[in-house]
Structures are given as C-alpha cells and as structure tokens.
Amino acid sequence: MSAFGSRRALRWLVPSAAAVVVIGGGAAAGTIIANADPSLPPRSAGQLLEDLHDVRVDGLSGTIVESADLGLPALGRMGAGAADLAGILGGVTTARIWQAGENRARVALLTSHGETDLIRDGANAWMWNSTDKLGSHLTLPIVPATPQEAADAVLAAIDPATGVSTTGAVEVAGRGAYELVLHPTDPASLIGRVSLAIDAEHHLPLRVDVYPKNATNPAVRVAFQQISFAVPDREQFVFNPPPGTTMSEGNMPHRAVAPAVLGTGWTSVLTARLPAATGAISFMPRVSGPWGSGHLFAGTVLSVLITDDGRVYAGAVTPQRLYDVISRHQPR
C-alpha cells in the first residue's frame, strides 16, 4: 500500500500488473518495424522500449478485465475470499480504476461475491469490503515517484539474451497501440512470450498477454476494456463508509518487510515466509527432496512451492528451478 497511488504505480498498476513477475526479464531490442496501420507511423522494437521510458500521464480512469488460466485444479467449496482469489487465478475478474497525480488512486475490484475498494488520498488510505461490511483506515508514508523512475527500473533489469520483436499496430479499448513482444530464451522459464500493447500517444501499456511455451492462447491477459486520460475529480478519492460499515484504524510502517527476490531476469524467484502450512494448500501435491518437503503448485506459467516450515518460493519457472533455488538458499 505504500506505493499504491504513486506515479510509479500508475504505469504498472494497470495491465502490466499481470506481468510484474515476468517483466523482470528483458530484451535485446531488434530492428523489426511494427507494421502500423495508416493512422500510426512505424515504430521499431527499440523505439517502443524507449517509449516505455516516457510515460506522461497526469491521470486516468478505466475498466480493466483480467482473465487467467494458470492450471489451477477444481477446489470445491470455498469461502468468499478464497473463491475470489481462485477467480483471479483461474477465471475472469473486472476492476475499475482511477488515478490522479502522484498519490491519489482508487481501485474497485468486482467479484461474484461483492466489491472490494482500495482508496488512497495522500497519506490516507482506506479499504472496504462489501461482503463483510468492514472498512480500514491506514496512515501511509508518502513515497513520491515518477513514471520515468519506474520505467528506468524495469528497463535496467532487461536481459540482453531475450529477443524482442513487434507484431504491428493493434486497437485496445478504442485506442491505437503498438504491440511489443518479449521472448525469453532461458529453458528454466515457463514463459514463451509476453506481448504488451503500448498506447501510441501516452506510451502506457493497455494490454498484457502472457503465453506459456508452445501455446497459442495466453495464460494471463490483463487489458483495459475502457480508458480515459482525463484527470478524475477529487470526489472519486473521498471515502464515505456505507451504512452498517465497521471501521478500524491503523498505521502502515515506513519500512515494511518485503519478500526477497532470488536470481535475476525471467528465472528470478520470489521468496517470503508464511505461517505454517494449513489445509488451505491441501489441493497442492506433496513433494519432497534434499531441500525438505512441502506442497507444489505447477501451473502453466507459474510454479509455487510452500515448504512445511512456512517458506514460499514462487516464479514463472519450472519446479526444478524452485528446487535448485531452495537448495542453494537453505536457511541456516
């Protein structure tokens, strides 16, 4: 939440959020030219990478639709929260977003069980869930950032071994865009390619498709269904608790403990410590090896290993890559 609403989030909160795990990989810019339609001048893959350095958006609002098929098995009956998570990982999810300036943002996540709202206005943030009618107010540190800084951080992680190409001009949410395609080459990666539709005027990604290897359909698609670059009114960021809402107060620490990232590029692995494993992961097959034992989810573009002592390792990598990583980083 500390970065929620900053201009750093503006660039990647939207469709690129789906590619946060994989975008850490990178690309060697090629010379293929996008076959733009008559309304868009040609752009090379290298020029499109440079465009991502130059996102200039003061505000926006729109509707995002996320669809995913990560190979999640049928989980049977679940509570509302677990069902919503399963829907995000293996279904279709809709969200409305509003962004204005560096520290003002709102996301309304719409699910089959209701609506969850996240609102930030400066140092104040609110979260509200329509299912249980619970609201929370948090005081956050302000973290100023710019799209340029966010773009620089992403592009600095680019791996020269990754191929880059363009496939032409496309239309997303009624806007002209160029399609940039990243092709990882590391055999340990589950990703075949990532396609980004970059708005021709504002250089903001309007759609991200993540494809498994040898697949013709994306495992994850996050795309604007509708978007406006007009700055939303201040009223959009005012939280008025609906009748019957139970509110709580809290503070967000200035220094939160963040998950660690092991490795670089497309085969980097995110690791964190969780509470001891419970029945919530019983659907995941049990695995063991010299590194220990736990439960493994092996999806189309994502592998997750949760050890019995509460460590989690996740990445767009093969299970063997997770085993290798955990063997090299065993806690002492």
Side-chain angles (χ1 to χ4, degrees), residues 4 9-23 60-99 105-119 127-132 167 170-175 177 179-182 190-199 204-228 236 280-281 283-284 297-304 314-316:
F4 175 70
L10 175 59
R11 226 178 132 275
W12 298 106
L13 166 70
V14 288
S16 297
V20 165
V21 174
V22 298
I23 201 67
L60 62 82
S61 62
T63 301
I64 293 174
V65 176
E66 179 263 356
S67 59
D69 183 6
L70 301 183
L72 195 68
L75 301 182
R77 298 189 60 175
M78 295 174 289
D84 289 344
L85 177 59
I88 293 173
L89 298 178
V92 178
T93 303
T94 301
R96 288 277 292 141
I97 70 166
W98 298 262
Q99 180 86 27
R106 177 177 179 177
V107 177
L109 182 65
L110 311 176
T111 71
S112 59
H113 294 90
E115 177 178 333
T116 298
D117 275 20
L118 300 172
I119 302 172
M127 186 167 78
W128 174 79
N129 184 284
S130 66
T131 302
D132 51 24
T167 59
V170 295
E171 184 175 293
V172 180
R175 297 186 60 85
E179 196 159 40
L180 179 69
V181 184
L182 310 181
L190 295 176
I191 304 300
R193 67 186 187 276
V194 176
S195 175
L196 300 92
I198 302 170
D199 185 81
L204 183 82
L206 299 177
R207 184 181 68 206
V208 174
D209 289 328
V210 181
Y211 292 83
K213 288 184 175 178
N214 303 315
T216 56
N217 295 318
V220 178
R221 164 170 284 186
V222 187
F224 274 105
Q225 189 177 65
Q226 176 274 328
I227 187 170
S228 167
Q236 288 288 356
I281 60 169
F283 73 92
M284 299 166 63
F297 167 68
T300 54
V301 292
L302 178 69
S303 296
V304 180

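Side chains included, hydrogens not; waters and symmetry mates left out as well; all remaining heavy atoms used.
Partners of Ser130 under the side chain to side chain donor-acceptor pair (under 3.5 Å) rule, at least two apart in sequence or in another chain, do not exist in this structure. By the side-chain contact (heavy atoms from CB on, under 4.5 Å) test, Arg193 pairs with Val181, His183, Tyr211, sequence neighbours left out. Residues satisfying the side-chain contact (heavy atoms from CB on, under 4.5 Å) test with Ala197, not counting sequence neighbours, are Val170, Val172, Ala177, Arg207. Looking at residues two or more places apart in sequence or on another chain, you find a side-chain contact (heavy atoms from CB on, under 4.5 Å) between Ala108 and Arg96, Trp98, Glu115, Asp117. Listed by chain and residue number, Glu179 satisfy the side chain to side chain donor-acceptor pair (under 3.5 Å) test with Ser195 (two or more places apart in sequence, or in another chain). Remark: Leu190 pairs with Ser303, Thr318 by the side-chain contact (heavy atoms from CB on, under 4.5 Å) rule, at least two apart or across chains.
By the 4.5 Å heavy-atom criterion applied to side chains, Leu182 and Leu196 are counted as neighbours. Here the side chains of Val210 and Pro218 are not in contact, with every heavy-atom distance at 4.5 Å or above. With contacts defined as side-chain heavy-atom distances shorter than 4.5 Å, the pair Leu204/Ile227 qualifies.
Of the options Gln236, Arg106, Met127, a side-chain contact (heavy atoms from CB on, under 4.5 Å) to Ile119 is made by Arg106 and by none of the others.
Separation of atoms CG (Leu109) and CG (Leu118) is listed at 8.0 Å; rounding is to 0.5 Å. Taken to the nearest 0.5 Å, the CD atom of Gln99 stands 6.0 Å off from the CG atom of Leu60.
The minimum heavy-atom distance between Pro212 and Thr300, with the atom names listed, is CB-O, 3.7 Å. Leu70 approaches Phe297 most closely through the heavy-atom pair O-CZ, 3.3 Å. Taking all atoms of both residues into account, the shortest heavy-atom contact from Val92 to Ser67 is CG2-CB, 4.1 Å. The two atoms that bring Val194 and Ile191 nearest to each other are CG2-CG2, 3.7 Å, heavy atoms only. The shortest heavy-atom contact between Thr93 and Leu110 is CG2-O, 4.1 Å. In terms of heavy-atom proximity, Gln225 sits nearest to Val65 at NE2-CG2, 3.8 Å.
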